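Because the structure is predicted, anything quoted here is derived from the model rather than measured.
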Amino acid sequence: MTGWLIFFFLLFLASLAYASYKSYRKNRSSDEFMLAGSNIGTILGFLTFSAALFSAFTFMGMPDFFRVHGVGAWIFLGFSDALMVFFILWFGYALRKRAAEVGYQGVAGFVQSCFQNKWAGYLVFVSSFLFLIPYVAIQIRGISIFLNAAFPDLMPFWGWSALLVMIMLVYSEIGGLKAIMYSDAIQGVILLVVIWIIGVTCLSMAGGVEAGTRAVMESNEALLSLPGPKGLFSSAFLIASTIAIVMIPVSQPQFTTRLVVMKNLKSVHKMAYAVGIFAILVILPTAFIGLYGAVSYADSSTAEFLSSALLFDQANPVAALAVVGLFAACLSTTNAQIFALGTELRSLLKGEDKKKMRITQLAILVFSLIVLVFSTLISDELVLLARVSFAGTSMIAPVVLSAVIFQKPPKSILILSAIALGYFVLSLLGWVPAGFVGLPTDAAMYLILIPATAILMLVHHYNNKKTYAA
């Protein structure tokens, strides 16, 4: 397999080098570096959005999620992503219209301008920092687990993580957001091709859908129904997950920015439809891999299952392509999210353009080092950790939505989101009760946050209407 691995890695690195070369511009402005010139077409936009959304956690986390928790994983991610596509159609239009009025350099700066309040921008940045750092670390840990299990004598665990971070820093510093988008496009194609090859192979080794399902039914029938063998897929869990995932374009800045930098609204709409199709195509084979795992590796650890199903049980060329595909997926996603944090910081900075660029590039380095450390501390529950990231950032969704909807957004929304975010963080630390009224924390917070946001927005709208009438 070594020869195939070297071949695919060289091919991948050569494509990255070419993308960096195509993206590099001497004496470019910070807008060109951080926002890719805001002229992204449909195909590149669809691939970069999809690749950032369906990353290493999809490739590795979802098969294991299906194996451990059952068919409810499809409802958790597939159904939620379909709803998110419909939401993008409205949100993309409203966001781009508002961004054209006040300008856009990042979500934090955009919100700060809309609210005319510096604390609004700080709230968005703090939320992004608190929950994107763990999410990026999830990607790095996931691929490091896989590579360390697959090649235990080649490099220690932390060595794989350090290699990923180093390549990510070099690539993003050379090409900026445009280079990251090209990397996303490459990764998206590799991900889709590899996961289908492995999915079909695993389904065949499980004996097909019918035989595999029958084997799962005999060994652990709870995998084929809700709430699953561990009771994870309760109604509260699924509803809260759907809300968090639908809000991703609002609460996760790497996706919000991608909607703004598309060259026109028509491209945004085409991109949204394509993302919906991609979601179905990329999640379905992870169910096949999970079915195979439930049949053949029911009692194995995450690392043992993934290294076997994705590597040792595959033909050499497929196994080598899987390694490169996972590496590309992790690199692409970590790049996008660390770069998004840099974009958010830069949108809050004042002063001369070159100075802001220097500060932003230094911040990206610092963020990357923090991620590297954090990736050694988190657990192996990749999908559940990703879900915590989605839920945490969704606490500030009312702030971004208010900035998009209203010319003068209500300041009360800032207080509401700050309280919700604070409670969610404290619950993760165990300093306040994790959940109440019989619901998990995120579901309970949504039960308060959604109606409270609706009431505040309606009162604000009504008061503004009375003011204009007077």
Side-chain angles (χ1 to χ4, degrees), residues 31 34-53 79-116 120-121 124 128 177 181 184 242-279 336 340 343-344 347 390 393-394 396-410 413 417 450 453-454 456-458 460-461 464-465 468:
D31 274 351
M34 304 300 294
L35 299 177
S38 298
N39 190 33
I40 302 302
T42 301
I43 295 176
L44 183 58
F46 140 64
L47 286 173
T48 186
F49 197 98
S50 298
L53 187 62
F79 178 73
S80 301
D81 283 325
L83 290 181
M84 182 186 67
V85 167
F86 289 103
F87 177 73
I88 287 174
L89 298 177
W90 168 79
F91 181 67
Y93 165 76
L95 172 67
R96 290 173 62 87
K97 181 180 177 182
R98 191 77 172 109
E101 295 170 355
V102 301
Y104 185 93
Q105 292 189 329
V107 181
F110 168 74
V111 165
Q112 190 177 72
S113 297
C114 292
F115 276 87
Q116 292 295 297
V124 171
S128 299
L177 182 60
M181 287 183 166
D184 288 344
T242 298
I243 294 170
I245 291 172
V246 169
M247 287 293 106
I248 283 175
V250 179
S251 57
Q252 299 247 335
Q254 68 272 26
F255 297 106
T256 313
T257 296
R258 277 160 171 73
L259 295 178
V260 175
V261 301
M262 299 288 288
K263 64 181 179 181
N264 54 46
L265 185 61
K266 187 176 181 181
S267 295
V268 173
H269 288 171
K270 288 181 178 179
M271 178 271 291
Y273 301 138
V275 168
I277 295 170
F278 191 94
T343 302
E344 294 307 293
S347 71
F390 299 156
T393 53
S394 70
I396 56 90
V399 175
V400 181
L401 285 173
S402 296
V404 168
I405 293 170
F406 297 108
Q407 290 292 323
K408 293 182 180 179
I413 291 288
S417 277
I450 292 173
T453 299
L456 290 175
M457 285 185 172
L458 287 171
H460 182 73
H461 173 72
N464 279 353
K465 198 171 181 180
Y468 294 144

> Is the CZ atom of Phe87 crowded by more than 12 outside heavy atoms at less than 6.0 Å?
Replying inline: yes
> Would a 4.5 Å heavy-atom cut-off, applied to side chains only, mark Leu53 and Met84 as touching?
Replying inline: yes
> Would you find a donor on one side and an acceptor on the other, under 3.5 Å apart, between the side chain of Ser394 and the backbone of Ala244?
Replying inline: no
> Looking at Thr257, Leu95, Val124, which one forms a side-chain contact (heavy atoms from CB on, under 4.5 Å) with Phe110?
Replying inline: Leu95
>> Ignoring hydrogens, what is the shortest heavy-atom contact between Gly106 and Thr343? Give both atom names and the distance.
In response: CA-CG2, 4.1 Å
> Step by step, would you call Tyr104 with Ser113 a side-chain hydrogen bond (donor to acceptor under 3.5 Å, both in side chains)?
Replying inline: CA-CA 9 Å; Tyr104 185 93; Ser113 297; over 6 Å; no
>> To check you understand the geometry: which heavy-atom pair defines the closest contact between Val246 and Ser80, and what is its length?
In response: CG2-O, 3.9 Å
>> Applying side-chain contact (heavy atoms from CB on, under 4.5 Å) to Phe91 and Leu401, what does each step give before you reach the verdict?
In response: CA-CA 9 Å; Phe91 181 67; Leu401 285 173; 4.2 Å; yes
> Just wondering, do Leu89 and His269 contact through their side chains at under 4.5 Å, heavy atoms?
Replying inline: yes
> What pairs with Thr393 under side chain to side chain contact (heavy atoms under 4.5 Å, CB included), at least two apart in sequence or on another chain?
Replying inline: Ser127, Phe131, Ser251, Gln252
> Does any non-hydrogen side-chain atom of Asp184 lie less than 4.5 Å from one of Phe49?
Replying inline: no
>> So which atom in Ala397 and which in Met247 form the shortest heavy-atom distance, rounded to 0.1 Å?
In response: CB-SD, 3.8 Å
> Looking only at heavy atoms, which two atoms of Ser50 and Phe278 are closest? And how far apart?
Replying inline: CB-CD2, 3.7 Å
>> Could you tell me if the side chain of Met271 sits less than 4.5 Å from the side chain of Leu259, heavy atoms only?
In response: yes
>> For the CD1 atom of Ile40 and the CG atom of Asn264, what is their distance to the nearest 0.5 Å?
In response: 12.0 Å
> Between Val250, Thr453, Ile450, which is the residue that forms a side-chain contact (heavy atoms from CB on, under 4.5 Å) with Pro398?
Replying inline: Thr453
>> Is it true that, when you exclude Ile405 itself, more than 12 heavy atoms of the residues, nucleotides or ligands shown sit nearer than 6.0 Å to its CD1?
In response: yes
> What are the two closest heavy atoms between Met262 and Gly41, and how far apart are they?
Replying inline: CE-O, 3.6 Å
>> Tell me whether Gln254 contacts the main-chain N or O of Ala340 through its side chain, where contact means a donor paired with an acceptor under 3.5 Å.
In response: no
>> Could you measure the distance from the CD1 atom of Ile248 to the OG1 atom of Thr256? Nearest 0.5 Å is fine.
In response: 10.5 Å
> Where do Phe406 and Arg98 come nearest, in terms of heavy atoms and distance?
Replying inline: O-NH2, 3.2 Å
>> The criterion is salt bridge (charged side-chain N to carboxylate O under 4.0 Å, His left out); which residues satisfy it with Arg96, sequence neighbours excluded?
In response: none
>> Applying side chain to side chain contact (heavy atoms under 4.5 Å, CB included), can you list everything that pairs with Thr42, at least two apart in sequence or on another chain?
In response: Ser267, Lys270
> Is any side-chain heavy atom of Tyr93 closer than 4.5 Å to a side-chain heavy atom of Val268?
Replying inline: no
